[in-house]
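Just so you know, these numbers come straight off a predicted model, no measurement behind them. All values below were derived from every heavy atom in this structure, side-chain atoms included, with hydrogens, water molecules and symmetry-related copies excluded.
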Amino acid sequence: MRRSAAVAVAALLAAGPLWAATAPADGAESDAAPADGAGAQPARVFDRVLVTGGPERVADTPGSAHYLTAERLEEQQYSDIHRLLREIPGINVQEEEGYGLRPNIGMRGSGVDRSSKITLLEDGVLIAPAPYAAPAAYYFPTTGRMEAVEVRKGSSAVRQGPFTLGGVLNLVSTAIPAGRAGRLSLSLGDDGSGRLHANAGGSGERFGWLLETYQLEGDGFKRLDGGGATGVELADYLAKLRWSGASGGRWQQTAELKLGHTDQLANETYLGLTLDDFRRTPLRRYAASAADYLDSEHDQLQLRYLVQASRRVDVTATLYRNRFARNWHKLQSVEGVGLSSVLAEPGRFPDELAALRGERDLAGGGLAVRNNRRDYLSRGFEAVVGFAAGDRIAHRLELGLRLHEDEEDRFQEEDQWNITGGRMSLLEPGRPGSQANRVTGARVRAVYLQDEIRAGRWSLAPGVRYERIEFERLDFAASDPDRRSQPRAVRNSVDVLIPGVGLTYRLGRGWQLLAGAYKGFAPPGAGRDGATRAEESFNLEAGFRYRGRQLRAELVAFHNDYDNLLGRDTLSAGGSGSGELFNGGAVLVQGLEASLERTWRVGQAVVPVRLTYTQTEGEFLTSFSSQFADWGPRVTAGDRLPYLPAHQLLLSGGLSRGAWGAHLSLSYASAMRTEPGRGPLVEASSTGEHALVDLSLERRLGADWRLFARVRNLADETYVVALRPAGARPGLPRTVMVGATWRF
């Protein structure tokens, strides 16, 4: 581990005597049922931090909602958000580097590229680097330090915004414990991988605190031609401080400050393999990717204040600021030819492919390596006023306000590199700012009003959201790195009203019917031309759910009718990385989401079984020509959407008896297209189906210690996760990790 990791652990352990064994058995207060008395948070705060209200309220949500508890997250020790989200129906993912550090997540066919079509939150606050101006989430919160993950889809997602097409993903960070508690987890595994997760905190009568660190490093599972680094180093730090007003006072008050910092160095690349090379050596990396890496750092600040004036009225105000800086230093082209072209048609570009493999020298340059340097800033203020009224007809009214601004600063250049004898060397650095020199920003004023009405067996949640978004793009000359000249300014704005309504009807004995109708929306982006329109859709959902003591089930059908689908030009999607937007016309996405959970008790053993299934179909309803890489030069009405598997399934089961526990899961995804089309799938434009088996084992040693082992991809299945942006890329091979957890 890094020196910083050792320092962090030493600091935590030095305070050991402060956390005596006065904490609850699980080491932290439950989000679902906060304790009363000294140091406890008012219960209403969880409605503001959580988008579902917690596990106990999921069953009453007017719409589709899911909450993965800390226990669920700990079953298999997942730190990969892709694997976690397979437990939730209606989620589409496209893997990338095998560890889930830069996820591609969509909901109900919204599109997966860099999770840019979902509303992404941490503790209820926007967390994407620039969610309005440049929503592609090149930063993603460290999943391994989260204590819960929740998803709201459909009409219930209108409350958050701005992306209401599919839904909301909220990652819930570790809570300040009710007493004094701590946790230390250390694990080691294949490919020189190691993970450290440590936290400690406590609560007194008025103050609470938490310190936490999550460290990850590994050598990587890909093998670079000629040798070299392909791994990752990540260091994440978090601190929380909470103040609570005097108990028994007229008003209950809580203020919480949260500070976070993350460093990441990933020796990763966008360069894949030809299909022939993938079949022979799927874990290979070409020599010309030796200089590729991603270096990034992220800082976050959240200050939240809650006052509960009475049993019926509460006010929550949140200030937040996120800063993200990154340099994606990666190969862009070879002898002027784009990488995607070389990998898609290797027979047409044999010399360029030979250079990528290191089999042909380019002594006079020819490898263009771009410094994709970008800085992001996102900050704002949010306030929510909650009001409860009525008895026979009960209202839970919310009025929310968001004042927000964010920006993306691109300052990029390309270096020229040689490759001789399979080794790369720098020939000539590029002129700073010569490839991109611009600032894109957005200013937002948004309000929403939602009323959750309960009358007898009925629950109705009508709501409406208004967003006023003002975009500005400043393009500086490529020859003006100091930005002293007047930039070319492009400004545009959008006003949108987003209505939605969800309802549930309780049939009795745990059965509920649910339905919803709402408008889907995604901002049109900055610098758009007159022809580019916002992404809008009319969405419907209907289904039922059952909640019993040992059985839970849900079945929901959805229908998303797009007036206009937007595509964004990003490098991760195989484009030029300009960020430009493209109209996709009318699109229809519809499908079915199903989940089933059953727990049996066999003697002294507990056996939980879960089944999750998603069926999705998406097709273009109009024909058009496009310069967008994902759609190709021509789309014909009836073509299927790319990167959208028709079938996804997860079947998992566990066995717990005494101090022992085991969990086995099988996840399956059908083949999916990598470009629009119809008819039988062909290898050159699809990923192929795959099924992955994961296994985890644990042994508890008393109340404080737990030993565990996990195996990812037990059968060592070889599969293609994507053919974009350039060539075939592999999923994580069989990986074993063992470790121990100690709770103080």
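None of Glu554, Arg545, Arg552 except one satisfies the side-chain contact (heavy atoms from CB on, under 4.5 Å) rule with Ser595; the exception is Glu554. Checked against Ile81 for a side-chain contact (heavy atoms from CB on, under 4.5 Å), the options Val93, Thr142, Ile91, Ile105 give a single hit: Ile105. Screening Gln160, Met107, Glu150 for a side-chain contact (heavy atoms from CB on, under 4.5 Å) with Val168, the sole residue that qualifies is Gln160.
The 12-atom threshold is not exceeded at CH2 of Trp251, counting heavy atoms of other residues, nucleotides or ligands nearer than 6.0 Å. Within 6.0 Å of CZ on Arg598 lie more than 12 heavy atoms contributed by other residues, nucleotides or ligands.
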Kindly determine whether Tyr132 and Glu467 satisfy side chain to side chain donor-acceptor pair (under 3.5 Å), including the steps that lead there.
-> CA-CA 11 Å; Tyr132 285 85; Glu467 297 252 2; 2.9 Å; yes
Decide salt bridge (charged side-chain N to carboxylate O under 4.0 Å, His left out) for Glu212 and Arg145; before the verdict, give the C-alpha distance in whole Å, the side-chain angles of both, and the deciding distance to 0.1 Å.
-> CA-CA 8 Å; Glu212 183 171 34; Arg145 65 170 173 81; 5.2 Å; no
Going through the distances and angles, do His647 and Tyr668 end up as a ring-ring contact (aromatic ring centres under 6.0 Å, His included)?
-> CA-CA 8 Å; His647 304 281; Tyr668 166 83; 7.9 Å; no
Worked check of side chain to side chain donor-acceptor pair (under 3.5 Å) between Tyr466 and Asp495 | CA-CA 7 Å; Tyr466 169 77; Asp495 293 85; 2.4 Å; yes
For the pair His66 and Lys153, evaluate side chain to side chain contact (heavy atoms under 4.5 Å, CB included) and give the outcome as yes or no after the intermediate values.
-> CA-CA 9 Å; His66 297 268; Lys153 303 189 296 286; 3.6 Å; yes
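Taking the charged nitrogens against the carboxylate oxygens, Arg640 and Glu619 do have a contact shorter than 4.0 Å, which makes a salt bridge. The residues Glu122 and Lys258 are annotated as salt-bridged, a charged nitrogen and a carboxylate oxygen being separated by less than 4.0 angstrom. Between Arg443 and Glu470 no salt bridge is recorded (no basic side-chain N to carboxylate O distance below 4.0 Å). The residues Glu541 and Arg108 are annotated as salt-bridged, a charged nitrogen and a carboxylate oxygen being separated by less than 4.0 angstrom.
Contact of the Thr119 side chain with the Arg159 side chain is not registered, since no non-hydrogen atoms from C-beta on lie closer than 4.5 Å.
A cation-pi arrangement is absent between Arg454 and Trp458 under the rule of less than 6.0 angstrom and at most 45 degrees off the ring axis.
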